[in-house]
Structure formats: structure tokens, C-alpha cells
Amino acid sequence: AAFEAAMDRVAELRRLLSTTADREANRSLRAQLAAAESHAREAFLGIKVCDVAMGSGHFLVNAVDHLTDGIIQRMQAYHDARRDVPWDWNPVQMLIERVRGEILGEMERQGLALDPARLDDTALLTRLVMKRCIYGVDLNRLAVELAKLSLWLHSFTVGAPLSFLDHHLRWGNSLIGSDVRTVEAAMRDTGAGVFQSIGTVRQFSLFAGPFAGLLATTATMIEVVERADSTLADVRQSAEEYGRFQEQLVPFKQVLDLWVSRALGDQAADQFLTVHGSQVLPALQGQVPLTAEQRVAIDGARRLWQAQRFFHWDLEFPEAFVDLRRGDWASNPGFDVVVGNPPYVRQEQLSPNKPWFRQAFAVYHGMADLYAYFYEQGVRLLRRGGLLGMITANKFLRAGYGEPLRAFLAGQARVQQIVDFGHAPIFEDADTFPLILLLQKPEADSQGETDASICLFPREELGKAELRTYVTENAYGVPLARLGGAPWSLERPEVGALMDKI
């Protein structure tokens with residue numbers, strides 16, 4: 001809908017330009033046209049999909065294909081319906097043509113012949129989607145490199161260099177970290193109870209206060225993200241600008257590292273933040289000298305960061321949380337889609353991090369497996385109206401430790417679909433009782449479906465039936481009212497009615 005509205009505006013402005021002779025009016029129309037074209041591109045290339053535990057990037061490769069195919073289909077549908085709007089007025093198509101021209105021009109400068117037919121629209125759009133729309137995080141550094149390799153191989157284009165991906169595929173701990181607004185709010189407060197609320201988020205401008213200057217730093221990401229990387233020089237420029245951006249972020253990240261370290265029991269970090277307040281960032285930026293005690297706090301926080309890989313989402317991916325052009329926090333921050341197959345880690349192995357989970361997550365339970373925290377983090381990272389899809393163990397549906405998670409999902413999200421595989425061996429080397437859960441983070445005061453679509457996939461059908469077809473043919477509705485904090489019953493309505501009667 002956003003693309004169609006922007007394209008209609010593009011067509012209107014182009015027709016006005018063709019009939020307007022006044023120079024001043026033309027200047028105004030061209031400025032309006034540039035804005036409309038930007039809106040049309042952003043309707044598609046502004047979509048943000050994040051895998052919070054990406055592994056080698058399998059989900060992200062498929063996300064690239066899904067988005068690319070969807071963009072092509074919707075552009076085609078628009079032009080089929082409005083045949084009076086030429087394809088060469090389409091801003092996305094214009095961008096594809098520009099990238100094709102840049103690649104051919106670079107080949108020509110190198111004295112190399114390249115058939116333009118080998119640079120088809122789908123291949124070039126795939127590169128653009130991969131660079132701009134795909135995000136991923138993993139705690140395993142090798143997995144991050146494998147994810148880059150998977151995407152590079154999938155999007156290989158003759159004559160074009162490998163795209164710069166370091167800005168969107170990151171090494172870090174998706175579950176341990178903080179955000180600027182939480183820390184800034186605490187650092188602005190005075191009096192008792194200053195650092196008691198880890199999860200509280202307040203709205204503060206970054207033009208003044210402890211994080212003054214951060215927005216000017218994050219604006220660099222506009223150029224990095226929007227550069228098409230058509231030539232090797234483009235890739236190098238993306239890498240250089242992103243490197244400078246990361247250097248500028250170091251003091252801001254150190255403040256958040258100190259905050260998390262303090263929450264993990266680091267007394268030196270607590271002393272540094274509590275006593276010095278708004279002077280912490282200037283000290284880290286070198287504007288005021290550091291004391292020996294402050295250096296101890298910084299070194300301690302760095303050791304904890306090296307062990308845990310704290311990941312501060314709004315600093316790592318500012319374009320998802322900051323309106324970079326307007327120079328303020330986004331009015332509806334977050335990703336459009338969060339996907340994942342979080343690692344299967346039992347609660348016995350989580351003991352070192354349970355103090356953090358206890359204070360940072362509403363779904364905390366001493367017996368909860370790791371995936372419970374990924375669900376909450378995924379919902380937190382979504383914009384309002386965004387979608388989450390994960391495959392995890394199904395134990396939280398009925399287990400006692402799942403009660404906080406069930407209550408959180410019932411209160412903060414709207415379950416759309418559940419496919420429960422039970423004992424079906426989806427993963428050949430493990431009996432994990434897998435489940436696919438799809439949900440939406442609702443808009444404020446929005447009214448959605450009153451039922452969730454449920455499918456219980458029998459073990460004996462695995463390998464026989466095509467998954468999508470089986471789910472479509474065998475799904476049934478369960479009222480969302482049944483999906484609260486109590487154990488979730490996914491039985492068919494008639495079975496549920498019988499159980500209620502009994």
C-alpha cells in the first residue's frame with residue numbers, strides 16, 4: 001500500500017513536471033518528486049528482517065529470496081493495474097538500472113567485456129535486498145563469517161564485487177546488552193533508586209545530556225546502507241565509513257558495557273556510574289582525565305564484554321531504532337520481522353547468566369530453557385505491527401516454567417499460528433519436540449483476529465506430506481482467549497468444548 005501510494009504520487013508529479021514551465025514551480029516539484037521516489041524505494045528496501053540467532057544464515061538466505069520475489073510480484077501487479085505509469089518511472093527499477101550501469105561501466109574501465117543480459121533485474125535486486133534488508137546476530141564468530149559466505153554465494157553476480165555485509169551481520173550476544181534510552185534515563189535521574197530499573201525505557205532527546213552527539217554519529221549509516229556496492233571502490237568506501245562509525249561508537253558502547261557490568265555485579269562499574277553520572281561519557285571520550293579507579297572499572301567491563309559479547313541493539317543497528325533523516329528516535333522503532341531457531345540450551349547450563357535474565361526479562365523462571373528469553377527479546381525488537389516466527393521446543397506450552405512466557409506472549413503479542421510437531425523428528429540428531437510459532441506485535445488499540453490457527457503435525461506424516469499443504473488443509477482455529485498464562489490447550493474446538501464440559 002505504501003509503495004502504491006508513493007508511485008501514484010511519483011506519476012502525478014512527473015506529469016505535472018512535463019506541463020509546468022515555471023522555473024520556481026519546477027524546482028519545488030522536483031524536490032517533491034525526489035521525496036516521493038525515496039518513499040517508494042523505502043516501502044520495499046526499507047523492510048528489515050532480523051535473525052536473532054542466525055547460525056550460518058540459512059533463514060536469511062531464504063528471507064532474501066522471499067523479499068526479492070515479493071517485491072518483483074508487487075511491482076509487476078502495480079504496473080499491470082496502472083498501465084499508464086511507465087516502468088522507467090519506478091524508483092526501484094531506476095535504482096536497478098543505475099546499479100547495472102555502474103557495474104558495466106566498471107567492467108569497461110577495466111577493459112573487460114560483459115554481456116548486460118547476465119545482469120538481470122532479479123540478480124541485481126537480490127544484491128540490494130541483501131545489503132539493505134537483512135540483519136543477523138550470533139554468539140559464534142565463525143557462524144557470522146559462514147552467514148556472510150552463504151549470502152555472498154547466493155547473490156553472486158558476474159562483474160560485481162562481494163557486497164559489504166559487516167554492518168548487518170554482527171557477532172554478539174542477542175540476550176545480554178542494554179539500550180541508550182534506558183541508560184540515559186538512569187544517568188539523568190538523581191536520588192535513591194537510581195539504577196534499579198533495568199527494563200524501563202524513557203524518551204529523551206540525544207541532543208543534550210549524557211549521550212549528546214550520538215545521533216550525529218549514527219547518521220553515517222545512511223550512506224553505508226544505501227550504497228549499492230556496485231564496484232570494489234564502493235565496497236571499500238562502505239567498509240571505511242563503517243569502520244569510522246564503529247570507532248566513534250566506542251565511548252557510547254563503553255557506557256552501556258559499564259551499565260551491563262554493573263547489573264552483573266561489577267562493583268567498580270557501579271561506583272563509576274553512580275558517583276560520576278553525566279561525567280562518564282566525557283571521561284571515556286578523553287575530555288576529562290580518568291582516575292585509577294575508573295580505569296579499573298573500564299578494564300573490568302571490557303573483560304566481561306569479551307566473555308559475554310554484550311550486544312546493544314540500538315547502537316549496532318541504529319537505522320532500525322533511529323530516524324536517521326529526522327535526527328531523533330524512530331516513532332515506531334524495531335524490525336519488521338524477527339525470525340530464528342534459537343539454540344537448544346537447558347536451564348542447567350544457564351546458571352552464570354541467570355542473575356541477568358532474572359532482572360532483565362519478564363519471562364524469567366529458574367527452570368526456563370534459553371529459547372524463552374529469545375521469544376521475549378524477539379517481541380521487544382519488533383516494531384508495532386511487526387511479525388515474529390521461531391522454531392523452538394514446545395515444552396513451554398504446558399510446563400510450569402512456561403507460565404511467565406505464556407503470560408508475556410498473551411499480553412504483548414497476538415499469536416497467529418502454531419504448528420506443533422510433537423515427537424516428529426524434524427532434527428534428525430535430536431528429539432526436541434519442535435514447534436513453529438508465528439505472532440504479531442499489535443499496533444496500539446488495534447483489533448485483529450480472535451482465533452489462532454493451529455496444526456498438530458503427526459509424526460507419521462513427516463516426509464510424506466508437503467508441510468505447507470498439510471498445514472493449510474488441516475489447520476483449525478483456537479480462540480486467543482485460551483492462550484493466556486495457564487497451560488495452552490491446542491486441541492480442536494470440539495475437543496476443548498468436551499473437556500470444558502467434563
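Only heavy atoms go into these numbers, but all of them, side chains included; no hydrogens, no water, no symmetry mates. By convention here, the first residue in the shown sequence is residue 1.
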In the structure I gave you, are the side-chain heavy atoms of Asn353 and Gln308 within less than 4.5 Å of one another anywhere? yes
Is there a donor-acceptor pair under 3.5 Å between the side chain of Asn90 and the backbone N or O of Pro86? no
Using only heavy-atom distances, determine whether the side chains of Ser28 and Gln32 contain a donor-acceptor pair under 3.5 Å. yes
Under a 3.5 Å distance rule, please check whether Asp314 uses its side chain to pair with a backbone N or O of Phe321 as donor and acceptor. no
Given 3.5 Å as the limit, does a donor-acceptor pair link the side chain of Lys131 with the main chain of Arg227, or not? yes
Trace of the side chain to side chain contact (heavy atoms under 4.5 Å, CB included) decision for Asp451 with Leu480: CA-CA 5 Å; Asp451 287 358; Leu480 289 176; 5.8 Å; no
What I'd like to find out is whether the side chain of Leu409 reaches to under 4.5 Å of the side chain of Leu483, using heavy atoms alone. no
Ala368: which residues meet the side chain to side chain contact (heavy atoms under 4.5 Å, CB included) condition with it, sequence neighbours left out? His365, Ala372, Tyr373, Tyr401
Taking ring-ring contact (aromatic ring centres under 6.0 Å, His included) as the cut-off, I'd like each qualifying pair that reaches into residues 69-104, sequence neighbours left out, listed once. Phe3-Tyr78, His79-Trp87
Between Ser163 and Asp229, is any pair of side-chain heavy atoms under 4.5 Å apart? yes
Quick one: list whatever passes ring pair (Phe, Tyr, Trp, His ring centres under 6.0 Å) with Tyr135, sequence neighbours left out. His168, Phe317, Phe335
His312 side chain vs Ser178 backbone, donor-acceptor pair below 3.5 Å: yes
Tell me if a side-chain donor or acceptor on Gln440 pairs with a main-chain N or O of Pro442 at a distance below 3.5 Å. no
Test Leu438 against Leu388 for side chain to side chain contact (heavy atoms under 4.5 Å, CB included), laying out the working first. CA-CA 6 Å; Leu438 307 178; Leu388 178 145; over 6 Å; no
Any sub-3.5 Å donor-acceptor pair from Lys441's side-chain atoms to Gly385's backbone N or O? no
Met390 vs Leu435 side-chain heavy atoms within contact, under 4.5 Å: no
Tell me if the CD atom of Glu108 is crowded by more than 12 foreign heavy atoms within 6.0 Å. no
Verify whether one side chain among Ser331 and Asp323 offers a donor that lies under 3.5 Å from an acceptor in the other. no
The reported gap from CG in Leu45 to NZ in Lys48 (rounded to nearest 0.5 angstrom) is 10.0 Å
Roughly how far apart are Glu24 CD and Arg27 CZ, rounded to 0.5 Å? 4.5 Å
Looking only at atom types and distance, does a side-chain atom of Asp51 sit under 3.5 Å from a main-chain N or O of Phe59, one as donor and one as acceptor? no
Test salt bridge (charged side-chain N to carboxylate O under 4.0 Å, His left out) applied to Lys253 - qualifying residues, sequence neighbours left out: Glu316
Please enumerate all residues that pass side chain to side chain contact (heavy atoms under 4.5 Å, CB included) together with Leu146, with sequence neighbours excluded. Ser56, Leu142
Salt bridge (charged side-chain N to carboxylate O under 4.0 Å, His left out) partners for Asp121, two or more places apart: Arg100
Does some side-chain heavy atom of Ile436 sit less than 4.5 Å from a side-chain heavy atom of Ile418? no
Given side chain to side chain contact (heavy atoms under 4.5 Å, CB included), test Val137 with Trp171 step by step and report yes or no. CA-CA 6 Å; Val137 181; Trp171 176 30; over 6 Å; no
Is there a donor-acceptor pair closer than 3.5 Å between any side-chain N or O of Gln377 and the backbone N or O of Ser174? yes
Under 4.5 Å between any side-chain heavy atoms of Thr122 and Thr126, yes or no? yes
What pairs with Glu319 under salt bridge (charged side-chain N to carboxylate O under 4.0 Å, His left out), at least two apart in sequence or on another chain? none
With the side chain counted from C-beta on, respond yes when Asp420 and Phe457 share a heavy-atom pair under 4.5 Å apart, and no when they do not. no
Should the pair Glu37-Arg9 be classified as a salt bridge under the 4.0 Å nitrogen-to-oxygen rule? no
By salt bridge (charged side-chain N to carboxylate O under 4.0 Å, His left out), which residues pair with Arg82, not counting sequence neighbours? Asp8
Using 0.5 Å steps for rounding, measure from the CG atom of Leu175 to the CZ atom of Phe311. 11.5 Å
When rounded to the nearest 0.5 angstrom, what is the spacing between CG in Leu67 and CE in Met130? 13.0 Å
Can you name the side chain to side chain contact (heavy atoms under 4.5 Å, CB included) partners of Glu42, sequence neighbours left out? Ser38, Arg132, Glu226
Interatomic spacing from CG in Leu405 to CZ in Phe361 - rounded to 0.5 Å: 11.5 Å
Listed by chain and number, what are the side chain to side chain donor-acceptor pair (under 3.5 Å) partners of Ser230, not counting sequence neighbours? Glu102
Classify the ring geometry of Tyr242 against Phe245: parallel below 30°, tilted from 30° to 60°, perpendicular beyond 60°. tilted
Contacts of type side chain to side chain contact (heavy atoms under 4.5 Å, CB included), residue Trp305, not counting sequence neighbours: Asp257, Arg302, Arg309, Phe310
CG of Asp369 to CD of Gln349: how many Å apart, nearest 0.5 Å? 9.5 Å
So which pairs with a foot in residues 150-161 pass side-chain hydrogen bond (donor to acceptor under 3.5 Å, both in side chains), sequence neighbours left out? Asp65-His154
For the residue pair Gln76 / Asp80, report whether a side-chain donor-acceptor contact shorter than 3.5 Å exists. yes
Side chains of Met54 and Leu169: does their closest heavy-atom pair fall under 4.5 Å? yes
